Every structure is written in structure tokens, then in C-alpha cells.
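This report refers to the structure that appears directly beneath it.
Chain identifiers are assigned alphabetically (A, B, ...) following the order of the sequence lines, protein sequences preceding nucleic acid strands; residue numbering begins at 1 within each chain. Bear in mind that the values here come from a model prediction, so they are computed numbers and not experimental data.
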Amino acid sequence: MSKGLTKRSENYSQWYNELVVKADLAENSAVRGSMVIKPYGYAIWERMQAQLDKMFKETGHMNAYFPLFIPKSFFSKEASHVDGFAKECAVVTHYRLKNTEGNNIIVDPDAKLEEELIVRPTSETIIWNTYKNWIQSYRDLPILVNQWANVVRWEMRTRLFLRTAEFLWQEGHTAHATKKEAIEETKQMINVYAEFAEKWMAMPVIIGTKSDSERFAGAEETYTIEALMQDGKALQSGTSHFLGQNFAKAFDVKYLTKENKEEFVWASSWGVSTRLMGALIMSHSDDQGLVLPPKLAPFQVVFIPIFKNDEQLAAISERINPLISELREKGITVQFDKRDSQRPGFKFAEYELKGYPIRVAVGPRDLESGQYEVARRDTLEKSFVAEAELVDYIENLLKDIQNNIFNKAKERRETTTQMVDSYDEFKKIIEEKPGFILAHWDGTEETEELIKNETKATIRCIPIEGNKEEGKCMVTGKPSKQRVLFAKAY
RNA sequence: CGGGGUAUAGCGUAGUCCGGUUAGCGCGCCUGGUUUGGGACCAGGAGGUCGCAGGUUCGAAUCCUGCUACCCCGACCA
């Protein structure tokens, strides 16, 4: 399982599939670029889901579910939106198969749909078509709805986790009476994402807005959180869009104000996807495998008994079962690996590969001494801890690991983020020491395009926080209001 | 869709140029034994339409033709 991991660690996507997903679906192009998420990987996604869902509910949202198939006619109402997605839609044209002679299954030509159905690439259109019926008065607003779902985007090129044809995500779609409120919602949700990324994934992010060319199709403003992976490439990890009245106008969603005036509603949408799992893997993993933040690890602690026979195992179990109960009462997730089919050394390596934050080894020797060997995944350090102190020690160590991997990631980002004032220096750094670059830009699409073509670096975002010093564009010398964030991106 | 590459057991591969025993090796898997505090060892064993279709030949993983899929680089993108 771990064969070749060290050598391949520079190319994360090479070993995800050995670790958490199985991607070998396709002899058939229809599932090209999809992925099977294995149980352990899915457990990580469930932890992420649970926390995000909690945060959405704490900010007043409720979950709903809308159909997978969207009639083509819905989809073509918002012009820039359809332009953005038209090239990557899977389309359902028939509803029946037919078994011909020789067991040859074909699509029944008589079963053609009158109107084709689009497999949702995102749900704005079907949701706004529905909101039209939900909204009449200012009393119906705001509508604060989220959906957990799968979507399909027929990308020309796929990358495991980062850009699969089908992916799992959450999409929030809100409707508001005023522009101000919709913008506040948009900003609130990007802050929720940033908090989740930093406090739970232990992944530092930079919040900002997208340039015109990178903005979501149909949005007036796109907020993003941008993270830096260990190889110096940036990953867009979550977005929140202020949609203005674009979808309200396209789907004719109006409400009556207190003054009995008819107005279009204002909208936001926001989402994060299983791409976050890719981000998590690429932020922290090392040559030994995954490193998971304790807050998202499916299991935070694993106990490995070291035994030669059933009597020894029974003696070990008797001593550590009360400890496990005590840990569980504190809300710590614990696994006790009693398998006799693998040797301890194999298990050590296996749990390191899977990123369990803490491993405790207990053998006859330790029962006598009353001290257990505790190993932490982030630093691979081991220490002996007295039985009486173990529960408190683990509780503190989990917090310590969570902080430590965040700080490590942040430090790494800071040492690979540079302020650059000349375009020559920019080109040199992008080539030699990839990472974030803060530089001045004249705000035009032409300059952005030029930089992209010459260096492959793109504007990841226009940061919201930090120094807002004015300056001159590093390419054209024209005035710039603030530095923007550049990087090569996934 | 353009450029490059690859396809041999569950995974990784040798063999292909120059056709010739029963297609070899490592990991993994199964059985037995010895082991068990950092990925155990010994012995035995199972597992292959050599991507698919056609052709050349006494004989094809190997040569020819066509097709398909995957990977990498671009364009596209959560």
C-alpha cells in the first residue's frame, strides 16, 4: 500500500488513490474523471460536512433538496451563466434502453425526450425557478437555503479531488430584499469558509475578491478563499458570490415592498466541494502519508495492543478499556485495533499513512511500568506517559497538534509569499520559487491576460485585509490601488 | 479539441527494436510452520483472452492496419 509513497510525494495526486479513493472506474468514457471515495476518505468528508452544516445553521440557514435534472429551457435564461457552463454540461436525451438481438443494449430511439434535461452543473437555475413561486412579499424574505448534493461538470481535463467530473458539494442560495443585505450575506459566508479552513482544516487562507475574468458566471462580485499548497501552487478553496439581481431578473422573481412597490430580489450563492479534501491532503501530508487535523480526523486516537496470545490481549484490554471509555466521554474518537492478522509494526505504518493524529502502543512491558508510548503524527515524536495522566495528556496533545499543523502551514505560506515590484523579478520568482506574490496591477484584463500568458500565474484574488498602499502596476506602470495576490494555480 | 506518452495478474513492471520453449520478476493474496515493541521469515500455492478488432506468418506480447482507454502538457474549471 505504501510502496513508492516517498518517491511520489511530490505528486500528491499519484497517491491519493492508494490512500483514500479508488478512481479506476472507466473502461467507459461515460464515467471518465469520476471518483469512488473509499470509506475512510468518505469519513473525512462526513466530518467536514458535519462542521460546515453546523456553521450554516448557526448563521440561520436551512437545508433543502432540488432535482438533479434541469430542463434545458430553465438553463438558458441567464445569458452569462449559460455561457459559463454550456461547454461542460451532461445532457439526458432519452429515457429508455432496448435489448436488441444478441443481448445488445441500445438507447431506444423511440424514447427520445421532448425537452432535454441537463444534469445540474450547479443549481442556480432550478432554484431560482422555484423561488419565483416562494416569493411575493418582503415578508417572504430572506430565503436562506443550502443544499448538499452532487453536481456534474464535463471538464476537459480532470484531476482527482481537485476537478472531477462529478463531485460532492454544498451550495447555498439566498434571496434578499436589499442589496446591502445580500452583500452582507455573501461576505458572512466567505468568512464562515475562512473560519472553517483555518480552525478546522488548519489551513490558512487569504480572503479576497476575484478579478473580472475569474468571476463566477452570472455574479457581480465573487469572494474567494485562496490557500497555498506545499508545492507552491494556489488552490481556490471556497467561493461566495453576490449575484445582484441577475437571477431575479432572468427568472422574474419580484416582491412587494412595505410601500407596495414591486422590486426584484437580491441574491447570493456560495459553495465548497470535495476539492477541500484535496486541499487538506496537500496542505499537511508528508512522506509517511496523510496528516489530518484532529478536528477532522475520523478517529483521533488509535490504541495498538502488543500481544503474543489471547491472555496478553485480555490483560491489555482490561487495563485500557476504562481509558478508552474516559476518552470517549470527553468526545474524543478512539479506535482499538485488536487485529491479530497484522503485526504492530505494520499497524504503526498503516495509521501513519492514514493520518491518525495520535497512536498509543500498549504491551506487557507497559502494563508493568504503568507508562504507555504515545506517538504524535504531526512530528512523529514519541513519549512515555503515565497511565494516570494519559487522558489529560491526549486531550491537550490533540489541541497542540491542531495548532501545530496550522502554524506550520502558515509559516510555510509566509516564507513563500513575496512582495514584488518589478515584472522581471516576478517572472524569476514564479519560475524559481513558486508561492504567493503580492504585486501591483493596473486593474485591466489585458495586463492580467498578458501575465497569465507569459508566466502561467493568475490573479488569485484582490485581498480584502492587509496593507492597502497604492502603487504602480509592475507591468504597465499605471496606477494601482493595492497589491493583488498572484500565483500559479491548480 | 491540439501536442507528447502509455496499455502485460489486484498494484508496480521485464520482455517489444531483432517473431521461436510453459510470458519472467517484486509487492499483495492463499496454505502450513516459525514469529510478533517499527511495514517478519521459510516452504508450498493460486492468479494472465499480453487494451480491443482484424491482418501477415508454420508460429505474434513482439510485425502491419484500424479502434478504444488512460496519463502528462495546453485551452476550460469548485
Side-chain angles (χ1 to χ4, degrees), chain A residues 1-8 11 13-15 17-18 22-33 83-89 121-122 149-171 193 210 213-217 222 224-227 234-241 269-279 288-289 304-309 312-313 316 339-353 359-369 371-373 375 380 382 384 449 452-453 456 458 489-490:
Chain A
M1 190 177 183
S2 63
K3 192 187 161 202
L5 196 61
T6 306
K7 276 180 247 155
R8 285 196 241 153
N11 191 352
S13 60
Q14 287 291 308
W15 54 271
N17 61 344
E18 302 205 19
K22 184 77 172 155
D24 59 349
L25 287 171
E27 303 244 334
N28 178 343
S29 65
V31 282
R32 178 195 65 98
D83 281 350
F85 287 101
K87 283 175 280 179
E88 51 187 53
C89 286
T122 179
N150 58 338
V151 288
V152 169
R153 295 182 189 175
W154 217 259
E155 301 289 353
M156 292 175 188
R157 193 169 152 220
T158 58
R159 284 187 94 116
L160 212 45
F161 279 119
L162 305 183
R163 198 180 307 111
T164 45
E166 176 184 357
F167 57 96
L168 302 180
W169 78 343
Q170 121 325 276
E171 47 182 327
Y193 289 154
K210 284 291 187 187
S213 67
E214 299 260 332
R215 187 174 301 144
F216 177 72
T222 289
T224 176
I225 51 172
E226 296 286 327
L235 186 70
Q236 176 176 312
S237 304
T239 47
S240 182
H241 314 288
S269 75
W270 28 273
V272 294
S273 71
T274 36
R275 171 179 274 193
L276 285 183
M277 291 181 64
Q288 271 62 244
I304 299 180
I306 295 161
F307 59 99
K308 293 192 168 92
N309 51 49
Q312 281 185 349
L313 177 60
I316 292 165
R339 284 178 301 170
D340 61 0
S341 56
Q342 301 294 358
R343 297 152 48 98
F346 180 91
K347 293 180 186 176
F348 293 170
E350 185 183 11
Y351 290 112
E352 274 165 16
L353 187 74
R359 178 184 78 230
V360 185
V362 184
R365 226 154 66 189
D366 311 303
L367 293 186
E368 260 178 52
S369 70
Q371 296 195 356
Y372 304 142
E373 184 192 84
L380 297 169
K382 297 174 193 171
F384 280 92
E449 186 70 17
K452 186 179 176 183
N453 290 339
K456 288 179 194 152
T458 49
Y490 273 100

Where do Thr224(A) and Glu226(A) land on the side chain to side chain donor-acceptor pair (under 3.5 Å) test, with the steps shown first?
CA-CA 6 Å; Thr224(A) 176; Glu226(A) 296 286 327; 2.9 Å; yes
For [X], report the nucleic acid contact type (base, sugar-phosphate, nothing); a contact means any heavy atom under 4.0 Å.
{"X": "Asp366(A)", "result": "base"}
{"X": "Glu88(A)", "result": "sugar-phosphate"}
{"X": "Gln170(A)", "result": "nothing"}
{"X": "Gly271(A)", "result": "nothing"}

Side chain proximity check, [X] to [Y], heavy atoms < 4.5 angstrom:
{"X": "Ile306(A)", "Y": "Arg365(A)", "result": "no"}
{"X": "Asp340(A)", "Y": "Phe307(A)", "result": "yes"}
{"X": "Arg359(A)", "Y": "Glu352(A)", "result": "yes"}

Ignoring hydrogens and angles, does a donor from either the side chain of Glu352(A) or the base of G38(B) sit under 3.5 Å from an acceptor on the other?
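Such a pair exists between side chain and base.
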Distance criterion of 3.5 Å, no angle test: do you see the side chain of Lys382(A) paired donor-to-acceptor with the base of G38(B)?
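Indeed, a donor on one side and an acceptor on the other fall under 3.5 Å apart.
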Once you round it to whole Å, what is the distance between [atom2] of [N] and [atom1] of [X]?
{"X": "Asp340(A)", "N": "U36(B)", "atom1": "CG", "atom2": "P", "result": "15 Å"}
{"X": "Glu166(A)", "N": "C77(B)", "atom1": "CD", "atom2": "C1'", "result": "17 Å"}
{"X": "Arg163(A)", "N": "C71(B)", "atom1": "CZ", "atom2": "C1'", "result": "15 Å"}
{"X": "Tyr490(A)", "N": "A75(B)", "atom1": "OH", "atom2": "C1'", "result": "19 Å"}
{"X": "Arg153(A)", "N": "C76(B)", "atom1": "CZ", "atom2": "C1'", "result": "12 Å"}
{"X": "Arg275(A)", "N": "C76(B)", "atom1": "CZ", "atom2": "P", "result": "15 Å"}
{"X": "Leu313(A)", "N": "U36(B)", "atom1": "CG", "atom2": "P", "result": "16 Å"}
{"X": "Arg359(A)", "N": "G39(B)", "atom1": "CZ", "atom2": "C1'", "result": "12 Å"}

Look at the side chain of Pro344(A) and decide which nucleotide, out of C77(B), G37(B), A78(B), has an atom nearest to it.
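That would be G37(B).
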Which nucleotide, C76(B), A78(B), G38(B), lies nearest any side-chain atom of Lys452(A)?
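So the side chain of Lys452(A) is nearest to C76(B).
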When you compare [N] with [M], how far apart are their [atom1] atoms, in angstrom units rounded to a whole number?
{"N": "C50(B)", "M": "A7(B)", "atom1": "C1'", "answer": "10 Å"}
{"N": "C52(B)", "M": "U57(B)", "atom1": "P", "answer": "23 Å"}
{"N": "G59(B)", "M": "G55(B)", "atom1": "C1'", "answer": "15 Å"}
{"N": "G28(B)", "M": "A40(B)", "atom1": "P", "answer": "9 Å"}
{"N": "U62(B)", "M": "U21(B)", "atom1": "C1'", "answer": "16 Å"}
{"N": "C25(B)", "M": "A14(B)", "atom1": "P", "answer": "15 Å"}
{"N": "C17(B)", "M": "G26(B)", "atom1": "C1'", "answer": "26 Å"}
{"N": "C67(B)", "M": "G48(B)", "atom1": "P", "answer": "31 Å"}

What is the minimum heavy-atom distance between Phe85(A) and Ala217(A), and which atoms define it?
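In terms of heavy atoms, the two residues are closest at CE1-CB, 4.5 Å.
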On RNA chain B, check which nucleotide each of Ser273(A) and Ala361(A) is closest to and give me the residue with the more 5' one.
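Nearest nucleotide further toward 5': that of Ala361(A).
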Nearest-nucleotide comparison on RNA chain B, the residue closer to the 5′ end among Asn453(A) and Arg365(A)
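By nearest-heavy-atom nucleotide position, the 5'-most residue is Arg365(A).
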Where RNA chain B forms stems, i.e. three or more consecutive Watson-Crick or G-U pairs with both distances under 3.5 Å
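So far as stems of 3 or more pairs are concerned, RNA chain B shows B:1-7 with B:68-74, B:10-13 with B:24-27, B:29-34 with B:40-45, B:51-55 with B:63-67.
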Identify every side-chain donor-acceptor pair in residues 270-277 of chain A under 3.5 Å, counting partners at least two apart or on other chains, and give the distances.
{"residue": "Trp270(A)", "atom": "NE1", "partner": "Glu185(A)", "partner atom": "OE2", "Å": "3.3"}
{"residue": "Trp270(A)", "atom": "NE1", "partner": "Ser268(A)", "partner atom": "OG", "Å": "3.3"}
{"residue": "Ser273(A)", "atom": "OG", "partner": "Arg275(A)", "partner atom": "N", "Å": "3.0"}
{"residue": "Thr274(A)", "atom": "OG1", "partner": "Leu168(A)", "partner atom": "O", "Å": "3.4"}
{"residue": "Arg275(A)", "atom": "NE", "partner": "Leu162(A)", "partner atom": "O", "Å": "3.1"}
{"residue": "Arg275(A)", "atom": "NH1", "partner": "Gln236(A)", "partner atom": "O", "Å": "3.0"}
{"residue": "Arg275(A)", "atom": "NH2", "partner": "Leu162(A)", "partner atom": "O", "Å": "3.1"}

Given Arg215(A), His241(A), Glu214(A), the one that forms side chain to side chain donor-acceptor pair (under 3.5 Å) with Thr222(A)
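It is His241(A); the other options fail the test.
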To the nearest 0.5 Å, tell me how far [X] [atom1] sits from [Y] [atom2].
{"X": "Asn453(A)", "Y": "Thr458(A)", "atom1": "CG", "atom2": "OG1", "answer": "11.5 Å"}
{"X": "Gln342(A)", "Y": "Lys347(A)", "atom1": "CD", "atom2": "NZ", "answer": "7.5 Å"}
{"X": "Glu88(A)", "Y": "Trp154(A)", "atom1": "CD", "atom2": "CH2", "answer": "11.5 Å"}

Looking only at atom types and distance, does a side-chain atom of Ser341(A) sit under 3.5 Å from a main-chain N or O of Arg339(A), one as donor and one as acceptor?
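Looks like no, no N/O pair under 3.5 Å.
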Identify all pairs in which a protein N or O lies below 3.5 Å from an N or O of nucleotides 32-35 of chain B, and state each distance.
{"residue": "U35(B)", "atom": "O2", "partner": "Arg343(A)", "partner atom": "NH1", "Å": "3.3"}

Between Trp169(A) and A78(B), do the rings stack, that is, sit under 5.5 Å apart with planes less than 30° off each other?
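It does not: the two rings, one from Trp169(A) and one from A78(B), miss the stacking criterion.
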